[in-house]
2 protein chains.
Amino acid sequence: MGDRQAKDALFDAFGEVAKALGNGRRAELVDVLAQGERHVDELSAEIGQTVANTSFHLRVLANAGLVTTRRDGTRIYYRLASARVSELWLALRDVTAAHHEQLDELAAAYLGDRDRLEQIGRIELAERLAAGDVVVVDVRPATEFATGHISGARSIPIDEFAANIKDLPAGIEVVAYCRGPYCVFADDAVRVLRRRGRRARRLEDGFPEWVRADLPVAAAGAS
Amino acid sequence: MGDRQAKDALFDAFGEVAKALGNGRRAELVDVLAQGERHVDELSAEIGQTVANTSFHLRVLANAGLVTTRRDGTRIYYRLASARVSELWLALRDVTAAHHEQLDELAAAYLGDRDRLEQIGRIELAERLAAGDVVVVDVRPATEFATGHISGARSIPIDEFAANIKDLPAGIEVVAYCRGPYCVFADDAVRVLRRRGRRARRLEDGFPEWVRADLPVAAAGAS
DNA sequence: ACACTCCTCAAGTAATGTCTTGAATATAGC
DNA sequence: GCTATATTCAAGACATTACTTGAGGAGTGT
């Protein structure tokens with residue numbers, strides 16, 4: 001025991017798992033799946049790839065043990081194998097944010113200039129939510145809201161956001177949140193609100209980070 | 001903003017970082033570097049590769065931002081870019097251990113049968129270390145001990161272990177530790193001790209995990 | 001300047017990964 | 001059994017990766 005060949009084989013296994021995350025499209029898949037399970041059709045639209053190619057990438061993730069599947073009729077739903085995988089994804093994102101030279105430029109190119117877009121911290125939001133002097137809006141798709149959301153939040157998916165602003169109580173600050181720091185939904189929502197003269201900020205990061213911080217969560221119909 | 005091309009480029013950046021870890025030899029490098037900085041020559045011996053190839057892999061890690069360098073004379077020392085990278089490595093190891101089908105077999109092939117090798121938990125060891133009824137031995141190379149070690153541990157590198165057992169006080173249990181769960185040094189040390197009729201166990205995991213758990217650490221000459 | 005050590009770079013080869021296209025399989029409802 | 005829908009599989013073009021060998025650059029000590 002302790003020989004070169006066995007050691008190489010062991011560490012190759014770690015490499016295989018990392019390699020599964022080593023592709024932009026698969027990283028996008030994991031990011032979406034961190035919000036809850038999805039079927040191939042939805043995922044392919046989400047990452048802008050053909051269904052066949054999406055299926056291929058999902059197979060790579062499944063072979064590495066990062067995702068598992070569940071069949072429901074003709075549909076096959078994919079989900080992350082465990083919360084550990086979510087942790088791994090968050091760790092990868094943190095390291096990239098801290099050490100990848102061009103990440104800031106790439107994020108700015110995708111998200112737009114965030115400098116004028118104020119954020120509110122998780123702890124502060126949790127306090128103000130308890131005090132009741134803020135409205136929290138989940139702007140992710142409805143299925144993601146149903147899977148789990150910030151306790152007390154209401155769901156207005158970004159697609160229908162502009163049309164539903166009038167339902168939000170007036171005179172109270174709005175906080176929008178979505179999938180995470182690299183998700184544009186909340187940014188877009190805040191921009192729309194500001195344009196209409198409302199006080200609005202986005203939550204730092206998104207729902208998975210809220211869960212990770214052990215803050216209050218609700219699921220399904222309950223809010 | 002929010003267009004496909006920009007999103008793909010952003011997530012490709014996450015993929016690049018993951019890809020840097022996506023090779024067994026580079027995973028080994030990161031595992032060793034988690035113990036402290038090393039120069040290329042040492043690293044090439046550690047992973048059993050030519051210096052040129054080791055240098056190539058280190059360049060890949062450096063380009064991804066995972067490691068940084070420091071020159072000292074003709075030597076170039078590599079180290080992990082930050083504690084975040086160490087976290088990422090631990091997360092990758094956890095996920096692989098939890099979800100890779102063959103990991104147990106591969107680990108057994110490298111480490112040998114561990115079933116008869118008792119481990120002691122971190123918390124229990126910390127308590128017994130405070131009580132003083134246990135001797136803790138760091139069996140990693142001396143340079144790793146110098147960089148940082150469990151407070152109160154003594155250094156007996158595995159190479160010189162058998163020759164130095166006699167220095168250990170008799171009649172008291174010995175706990176050996178090394179680099180982590182996939183390091184053979186502590187296992188080997190415990191086997192040698194048992195063979196000589198001494199009470200001995202290995203610490204669960206290794207030094208990086210001890211640090212991560214915020215347990216007492218010492219560095220350099222101090223013990 | 002010189003030799004020496006340590007490390008990186010460049011070129012080449014074999015193997016692997018990505019994505020496309022078109023066909024094949026599995027399930028549900030009729 | 002037949003059809004529609006959802007997903008996977010197979011084959012191929014093209015780009016990328018791992019590792020080897022040999023040359024080259026950077027720093028030290030005489």
Side-chain angles (χ1 to χ4, degrees), chain A residues 4-5 7-9 11-30 32-33 37-64 66-79 143, chain B residues 4-5 7-9 11-30 32-33 37-64 66-79 143:
Chain A
R4 186 79 256 155
Q5 209 180 354
K7 184 177 185 186
D8 284 359
F11 279 80
D12 280 345
F14 299 122
E16 278 170 35
V17 174
K19 205 179 288 183
L21 280 173
N23 173 278
R25 254 33 63 217
R26 290 198 290 270
E28 286 186 57
L29 288 171
V30 170
V32 175
L33 291 174
E37 63 175 14
R38 279 291 178 298
H39 54 80
V40 181
D41 213 33
E42 287 176 313
L43 289 169
S44 74
E46 201 71 68
I47 70 168
Q49 297 285 315
T50 62
V51 172
N53 200 26
T54 304
S55 178
F56 163 74
H57 282 308
L58 286 166
R59 190 111 316 279
V60 175
L61 289 170
N63 285 341
L66 295 175
V67 305
T68 56
T69 61
R70 163 177 89 81
R71 178 150 221 149
D72 179 20
T74 73
R75 291 242 150 92
I76 294 180
Y77 287 85
Y78 284 81
R79 65 170 180 283
T143 54
Chain B
R4 186 80 257 153
Q5 207 181 356
K7 184 176 185 187
D8 283 358
F11 279 80
D12 280 345
F14 299 121
E16 279 171 34
V17 174
K19 204 179 290 185
L21 279 174
N23 173 278
R25 254 33 63 218
R26 290 198 292 270
E28 288 186 57
L29 286 171
V30 171
V32 175
L33 290 173
E37 64 175 14
R38 278 292 179 298
H39 55 79
V40 181
D41 215 32
E42 285 175 314
L43 289 168
S44 73
E46 201 71 66
I47 70 168
Q49 298 286 315
T50 63
V51 171
N53 198 27
T54 303
S55 179
F56 162 73
H57 283 308
L58 286 166
R59 188 110 318 277
V60 175
L61 288 171
N63 286 340
L66 295 175
V67 305
T68 56
T69 60
R70 161 178 91 79
R71 178 151 220 149
D72 179 22
T74 74
R75 292 241 150 93
I76 295 180
Y77 286 86
Y78 283 82
R79 65 170 179 282
T143 54

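To find a chain, count down the sequence lines: A is the first, B the second, and so on, and within it residues start at 1.
A:Thr68 OG1 to A:Glu37 CD: the interatomic distance, rounded to the nearest 0.5 Å, is 9.0 Å. With rounding to the nearest 0.5 angstrom, the NE2 atom of B:His39 is 9.0 Å from the OG1 atom of B:Thr74.
Distance B:Asp41 CG to D:dG27 C1': 16 Å, rounded to the nearest Å. Computed from coordinates, the B:Arg70 CZ to C:dC6 P distance equals 16 Å when rounded to whole Å. Rounded to a whole Å, the OH atom of A:Tyr77 is 14 Å from the C1' atom of C:dT27. At whole-Å resolution of the value, CD in A:Glu42 and P in D:dA6 are 11 Å apart. In this entry the distance linking CG of B:Asp72 with P of D:dG27 reads 12 Å, nearest Å. As a whole-Å value, the separation of B:Arg26 CZ from D:dT16 C1' is 12 Å. We find that CZ of A:Arg25 is positioned 17 Å from P of C:dG17, with the value rounded to whole Å.
Distances shorter than 4.0 Å separate some side-chain N or O of A:His57 from OP1 or OP2 on C:dC19. Considering only side-chain N and O atoms, A:Arg59 lies nowhere under 4.0 angstrom from the phosphate OP1 or OP2 of D:dT7. Neither OP1 nor OP2 of C:dG17 sits under 4.0 Å from any side-chain N or O of A:Asn23. Put simply, B:Thr74 has no side-chain N or O that comes within less than 4.0 Å of OP1 or OP2 on C:dC6. At the phosphate of C:dC6, neither OP1 nor OP2 sits under 4.0 Å from any side-chain N or O atom of B:Tyr78.
Here the nucleotide nearest the side chain of A:Arg75, chosen from C:dC7, D:dT7, D:dC9, is D:dT7. Relative to the side chain of B:Ile76, the nucleotides C:dT20, D:dG22, C:dC7 differ in distance, and C:dC7 lies closest. When the nucleotides D:dT7, C:dG17, D:dT21 are ranked by their closest atom to the side chain of A:Ser55, D:dT7 comes out on top.
Inspection of the B:His57 and B:Arg26 side chains reveals an N or O donor paired with an N or O acceptor under 3.5 Å.
Residue B:Val51 is in base contact, counting any heavy-atom pair closer than 4.0 Å across all strands shown. Contacts of A:Asn53 with the nucleic acid, taken as non-hydrogen atoms under 4.0 Å apart, include base atoms.
By the 4.0 Å N-to-carboxylate-O rule, A:Glu28 lies close enough to B:Arg4 to be salt-bridged with it.
Both B:His39 and A:Val60 lie close to DNA chain C; mapped to their nearest nucleotides by heavy-atom distance, the more 5′-ward contact belongs to B:His39. Residue whose closest nucleotide on DNA chain C sits further toward the 5' end, between A:Arg71 and A:Gln49: A:Gln49.
Contact check for A:Arg70 versus A:Ile76: no side-chain heavy atoms found under the 4.5 Å cut-off.
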